[in-house]
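Scroll down for the structure; my scribbles are underneath it.
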Amino acid sequence: MIKKAGISELEMIAGLAVLLWKEHTIQELKDEFLEIILQEKAQFFLKYDQNVPVGFAQCQLRYDYVEGTETSPVGYLEGIFVQEEYRHKGYARELLSACEQWARNKGCQEFASDCEIGNDSSIHFHTAAGFTEANRIVCFTKKL
């Protein structure tokens with residue numbers, strides 16, 4: 001079962017998200033997600049397996065330029081995660097489909113995403129899900 005998640009599910013979402021974004025704490029993610037939900041330009045979805053939350057996806061509307069797109073707004077997959085023991089069951093695709101439908105309902109004609117250049121499993125997921133690679137970049141930073 002896929003469920004639209006809201007403020008009451010922030011703890012569950014953050015608990016899964018911290019497994020994806022390990023550099024954050026659950027509290028940091030809860031605070032960030034609350035702010036995102038209140039803006040009403042994003043949606044979280046939870047995937048349940050026998051009433052246990054096992055994955056989540058975060059999608060959002062982007063109005064700025066999105067690499068490889070021609071329209072605005074663009075639906076954007078900000079994050080997707082399924083616990084390892086529940087992978088290879090189609091759950092991530094179900095979450096992605098929910099995000100794509102949400103974006104369609106918001107008037108989007110295109111949907112996009114990104115991942116780290118060396119994240120082969122994410123690249124494989126995106127390719128298998130029908131995404132086309134638009135570009136590869138390496139970003140640099142420097143302290144002044």
Side-chain angles (χ1 to χ4, degrees), residues 1-26 28-141:
M1 171 178 78
I2 301 284
K3 181 182 177 194
K4 259 187 181 181
I7 293 172
S8 62
E9 288 87 17
L10 278 178
E11 186 80 34
M12 279 185 268
I13 299 165
L16 290 164
V18 78
L19 299 171
L20 177 62
W21 295 306
K22 294 175 176 25
E23 67 276 5
H24 296 283
T25 67
I26 290 176
E28 287 173 338
L29 291 170
K30 279 176 57 178
D31 293 344
E32 180 181 331
F33 294 165
L34 177 60
E35 191 174 313
I36 289 168
I37 287 173
L38 293 175
Q39 291 175 6
E40 297 182 4
K41 294 178 184 170
Q43 183 62 58
F44 291 88
F45 292 93
L46 282 165
K47 170 63 183 175
Y48 291 85
D49 184 312
Q50 299 183 24
N51 297 319
V52 175
V54 299
F56 86 99
Q58 174 191 353
C59 52
Q60 185 162 318
L61 300 178
R62 289 210 179 173
Y63 294 89
D64 55 328
Y65 174 71
V66 174
E67 190 76 40
T69 65
E70 299 173 355
T71 60
S72 183
V74 171
Y76 205 87
L77 182 65
E78 299 290 346
I80 189 165
F81 176 81
V82 174
Q83 291 185 54
E84 194 166 342
E85 60 269 27
Y86 294 94
R87 293 180 186 166
H88 307 291
K89 295 182 176 194
Y91 293 174
R93 282 203 187 222
E94 290 178 37
L95 286 162
L96 175 61
S97 291
C99 289
E100 290 171 339
Q101 188 58 53
W102 175 83
R104 271 189 216 95
N105 292 344
K106 294 289 186 179
C108 296
Q109 298 175 26
E110 295 178 281
F111 197 82
S113 183
D114 65 59
C115 70
E116 295 289 329
I117 206 162
N119 189 339
D120 293 333
S121 62
S122 183
I123 292 169
H124 175 75
F125 167 76
H126 283 85
T127 303
F131 284 93
T132 302
E133 188 173 311
N135 194 8
R136 286 191 180 218
I137 61 171
V138 176
C139 300
F140 297 93
T141 185

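In what follows, every heavy atom counts, from backbone to side chain, and hydrogens, waters and symmetry copies are set aside. Just so we're clear, the structure is a prediction, and the values are computed from it rather than from any experiment.
Within the 4.5 Å cutoff, no side-chain heavy atoms of Leu16 are placed close to those of Val54. Using a 4.5 Å heavy-atom cutoff, the side chains of Arg62 and Glu78 are in contact. In this structure, Ile7 and Leu38 have side chains that are in contact, with non-hydrogen atoms separated by less than 4.5 Å. Looking only at side-chain heavy atoms (C-beta outward), Val74 and Cys108 stay at 4.5 Å or farther from each other. Within the 4.5 Å cutoff, the side chain of Phe44 has no heavy atoms near those of the Leu10 side chain.
Residue pairs satisfying the ring-ring contact (aromatic ring centres under 6.0 Å, His included) criterion with at least one member in residues 88-138, sequence neighbours excluded, are listed as follows: His126-Phe131.
Residues satisfying the salt bridge (Lys or Arg N to Asp or Glu O under 4.0 Å) criterion with Glu67, sequence neighbours excluded, are absent altogether. For the side-chain contact (heavy atoms from CB on, under 4.5 Å) test, residues two or more places apart in sequence or in another chain that qualify with Ser72 are Tyr63. Residues satisfying the side-chain contact (heavy atoms from CB on, under 4.5 Å) criterion with Leu20, sequence neighbours excluded, are Phe56, Phe81. A search for side-chain hydrogen bond (donor to acceptor under 3.5 Å, both in side chains) contacts involving Lys3 returns Glu9, not counting sequence neighbours.
Thr71 and Gln109 share no side-chain donor-acceptor pair at under 3.5 Å. Side-chain contact of Ser122 with Asp120: a donor-acceptor pair under 3.5 Å is absent, judged by distance alone.
To the nearest 0.5 Å, atom CD1 of residue Ile13 and atom CD1 of residue Ile26 are 12.5 Å apart. Thr25 OG1 to Lys30 NZ: the interatomic distance, rounded to the nearest 0.5 Å, is 10.0 Å.
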Which side-chain N or O atoms in residues 94-101 pair as donor and acceptor under 3.5 Å with protein atoms at least two apart or in another chain?
unit_1, atom_1, unit_2, atom_2, d
Glu94, OE1, Lys47, NZ, 2.8
Ser97, OG, Arg93, O, 3.1
Gln101, OE1, Arg104, NH1, 3.1
Gln101, NE2, Asn105, OD1, 3.0

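Between the side chain of Lys22 and the main chain of Leu19, a donor-acceptor pair closer than 3.5 Å is present.
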